[in-house]
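Worksheet for the structure shown next.
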Amino acid sequence: MSIDTAPTAGATALDATSSVGTRRDVLRRLLMTLGPILVALVIAGCILLAVGVDPLAYYGYVLEKGLFSPLGIQQTLTRMAPLLFLAAGLIVAFRAGMWNLGGDGQFLLGAVTAAASAPMFVEVMPAWLALFCAFVVATLVAMVWSLVPALLRAYQGVNEIITTLMMTFLGTSLANVLVKLLFRDPGTTVPQTRTLPVEDRLPRLFDTTITSGLLFGLAAIIIVHLVMTRTAFGLRLRVVGANPRAAVHAGLGVPGLTIAVFAISAGLAGLAGAVDIIGVQGNVRADWNPAYGLAVIPAVFLARMNGFAAIGFVFLLSVLSIGGESAARRLGVPNHFTLVLVSIVLIVLALAEYVDHRYNQSRKA
Amino acid sequence: MTGLFSEVFLSALLFGAVTAAVPLLLAGLGEQMSEKAGVLNIGIEGMMLAGAYLGFVGAFYSGSLWLGFLTGAAGGVAVALVMALLCVRIGLNQIVIGIALTLGLEGLTALLHHFQFSRSYPRLPAPNPTVIPTLVDIPVIGPAFFKHHLIVYLAVALVFAMGYLYRRTQLGLNLQAAGDKPAALDVAGIDVIRTRTIAVLSTGALAGLGGAYLANVGAGLFIPFITNGAGFLGIVLAMLARGRPVWVLFGALLFGVCLSLTTAMQVAGINIPTDVIQMLPFLAVMIMLVLFGRRASLPAALGIPYERGAR
């Protein structure tokens with residue numbers, strides 16, 4: 001058999017949908033999430049102490065900037081928009097048992113496409129239509145980019161972990177080449193694309209600085225969740241994920257579904273890039289690579305590929321990254337500490353889930 | 001076009017290719033061992049970073065390159081120990097833990113570097129090469145391949161040692177069984193968890209060594225994120241090699257040539273963005289996959305934690 005890691009993914013995917021959330025269950029889940037985060041904060045605090053930084057001051061700044069200050073929470077919510085699209089794309093792929101680890105390449109190509117096309121469209125059509133077209137083009141480019149791994153997996157059985165990883169290296173370089181050679185703004189010395197004027201970007205929500213991309217992101221992830229859990233198409237994909245051989249015997253067109261999964265997953269990653277550019281950044285600088293995908297992948301796993309849980313984890317990631325940036329600046333710690341913090345949170349959460357699972361098993365036995 | 005394709009230029013290019021290939025080779029060989037035993041080791045980038053940092057620290061404070069390699073390998077093993085504990089012993093998701101370890105080590109090594117070296121950026125002296133007599137006199141090839149640090153020759157010897165290990169020894173057979181049909185190995189009375197732990201720890205040692213080589217010999221210093229995806233390239237190499245150590249060597253050399261070409265073009269002042277050249281090895285491999293991609297023979301139990309008695 002050529003399919004390697006699919007069975008485990010399928011098992012968790014099917015588990016997650018069958019668990020009916022009672023109130024006690026939700027409460028326990030909440031406890032099992034907040035508890036480990038506290039533990040992780042304590043462990044990370046010890047590292048801060050070791051390098052001579054007051055952990056309480058650090059966390060104070062993280063919370064103040066990431067969660068409680070009006071400006072900070074708006075930034076946090078804005079940061080969520082691209083992460084939600086990425087998470088939605090990963091949920092589709094992982095539930096179908098396909099390890100799309102190429103999110104960053106798809107994201108960057110979507111971002112560059114949107115950054116290059118939006119200023120051009122804006123000149124010839126009304127702003128709303130221009131943005132819509134930019135979104136469509138970005139999605140299409142990301143979809144096309146995923147076609148090679150999709151076809152190789154669907155018809156040749158080539159493992160998609162290698163191909164998507166390679167395509168992400170290729171995509172990152174290609175995005176840079178495009179920015180430096182093809183879409184370079186002649187008016188600047190630093191290589192970057194033409195900047196989309198602020199008034200033409202995605203509107204902000206009410207009187208805040210929150211991008212309306214957040215609403216699209218939330219809509220995307222909820223739609224993905226409902227499609228995967230409530231529709232026949234979603235069921236087909238989950239069957240492919242749980243057991244591709246059984247799927248063939250059930251008469252499903254596995255190659256076609258594989259290509260569809262890659263297209264949806266990559267399209268959402270491309271949208272993530274577009275929403276970050278059209279909503280927030282306005283242009284792409286050369287060598288810009290926020291590498292969101294790497295942090296979102298484990299978060300989606302920890303959410304057990306459940307869309308609603310993923311929203312929670314994405315929120316947590318955003319608080320940590322926005323708050324961490326600010327706290328690092330104020331205390332003179334390099335921003336890299338945020339990576340350490342995120343890593344410890346992920347590991348402790350994974351451990352807590354294991355402990356919880358064992359506890360449940362021993363209670364049943 | 002006098003300077004560009006001269007003998008000196010070519011041999012410098014190939015010399016750089018070998019230097020760039022060694023970390024990839026070590027990472028690829030390490031990842032291959034984990035994968036054979038059924039563990040998809042995505043934390044290898046983190047292991048390389050730990051090796052690069054600790055290897056540099058060891059070499060910098062002791063003044064001995066060999067001690068640096070030792071501390072580098074130890075750093076890789078330390079990270080691998082966490083991975084073995086979490087992913088092999090208690091069976092947590094390998095992708096989650098692997099990525100988390102990579103993120104964590106990226107942050108941790110950058111943080112430590114900031115507090116220790118960011119003001120001085122110390123460098124190590126250039127390593128003493130071991131020159132292989134007579135062979136080194138061959139034009140172009142001689143200075144490119146036979147004037148490296150001793151560890152480079154050892155790394156190449158390791159390729160063949162690995163080949164022997166997988167084909168001729170009990171341990172090699174056990175490793176492959178742990179990846180293909182762990183239950184069968186268990187029935188034969190051999191501890192699957194132990195076999196996989198050995199594999200993951202060896203991966204850590206090799207990746208750490210690769211990282212230490214990258215920092216101490218390749219660059220002469222440690223900078224944050226120095227591995228820059230070398231670990232992920234190692235994963236790609238291991239998967240493309242389909243279980244054969246020699247193919248990892250060829251793959252590493254191919255990527256090494258392209259990486260070296262990037263530097264050479266910059267030195268020669270050719271006005272192509274380096275990104276174009278960086279794309280070459282991946283393009284080559286993707287084209288190869290499109291043309292010849294048959295069903296890749298990955299171990300059947302890759303990525304699946306083994307739990308005794310579970311069905």
Side-chain angles (χ1 to χ4, degrees), chain A residues 1-2 4-9 12 47 51-52 99 101 148-149 151-152 156-159 161-163 165-170 172-177 180-181 191 286-287 294-295 297-299 301-302 333-347 349-351 353-354 358, chain B residues 40 42 46 82 86 90-115 118 224-225 229 232-233 235-236 238-240 272-279 281-283 285-286 289-290 293-305:
Chain A
M1 230 183 96
S2 68
D4 39 273
T5 35
T8 37
T12 44
I47 297 178
V51 295
W99 307 102
L101 301 187
V148 177
L151 289 172
L152 281 173
Q156 305 271 8
V158 177
N159 181 288
I161 297 180
I162 336 173
T163 50
L165 265 179
M166 283 199 292
M167 291 303 272
T168 209
F169 281 111
L170 266 175
T172 315
S173 299
L174 183 63
N176 274 333
V177 172
K180 286 175 187 166
L181 294 183
D287 299 318
L294 215 52
I297 290 169
F301 270 110
L302 290 174
V333 197
N335 191 15
H336 308 307
F337 181 74
T338 313
L339 287 173
V340 181
L341 187 58
V342 168
S343 148
I344 295 175
V345 167
L346 290 172
I347 292 177
L349 277 170
L351 264 174
E353 201 194 284
Y354 167 79
R358 286 307 284 266
Chain B
L40 181 65
I42 296 198
V82 178
L86 295 179
I90 65 177
L92 296 187
N93 185 305
Q94 294 166 6
I95 294 183
V96 174
I97 298 300
I99 293 181
L101 283 177
T102 294
L103 289 178
L105 264 301
E106 277 179 358
L108 195 62
T109 51
L111 200 66
L112 290 171
H113 170 264
H114 172 83
F115 286 107
S118 70
F225 307 97
F232 288 108
L233 272 179
I235 298 175
V236 169
M239 287 193 163
L240 288 174
I272 307 177
T274 52
D275 309 280
V276 176
I277 305 151
Q278 273 166 9
M279 288 166 73
F282 297 104
L283 265 179
V285 172
M286 285 307 292
L289 274 178
V290 171
R294 265 161 282 134
R295 302 205 160 255
S297 56
L298 286 172
L302 185 63
I304 305 169

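Proteins get letters first, then strands, A, B, ... in listed order; numbering begins at 1 in each. Because the structure is a prediction, the values reported are computed rather than measured.
Only the side chain of A/V148 comes within contact range of chain B, judged by heavy atoms closer than 4.5 Å. Within the 4.5 angstrom heavy-atom criterion, atoms from both the backbone and the side chain of B/L111 approach chain A. For B/I235, the part lying near chain A is the side chain, with the backbone staying farther off; criterion is any non-hydrogen pair under 4.5 Å. A/L101 touches chain B through its side chain: at least one heavy atom from C-beta onward sits under 4.5 Å away, while N, CA, C and O do not. Interface remark: B/L105 contributes no atoms to any contact with chain A (heavy atom separation under 4.5 Å). Of the atoms belonging to B/L108, heavy atoms from both backbone and side chain fall under 4.5 Å from chain A. For a residue to count as touching a neighbouring chain, one of its non-hydrogen atoms must lie under 4.5 Å from one of that chain's; by this rule A/L151 does not touch chain B.
Between A/H336 and B/F225, the ring planes are perpendicular. Angles over 60° get that label, and only those under 30° would be called parallel.
Here the shortest heavy-atom pairing between B/A100 and A/L346 reads CB-CB, 4.0 Å. Minimum heavy-atom separation, B/G104 to A/V340: O-CG2, 3.8 Å. Taking both residues in full, the closest heavy atoms of A/V51 and B/F115 are given as CB-CE1, 3.8 Å, listed atom of the first, atom of the second, then distance. Closest of all the heavy-atom pairs between A/L294 and B/I99 is O-CG2, 3.0 Å. The two residues B/V96 and A/A350 come nearest to each other via the heavy atoms CG1-CB, 4.5 Å.
Here the side chains of A/L351 and B/I90 are in contact, with some heavy-atom distance below 4.5 Å.
Taking CH2 from A/W99 and CD1 from B/I42, the interatomic distance works out to 9.0 Å, rounded to the nearest 0.5 Å.
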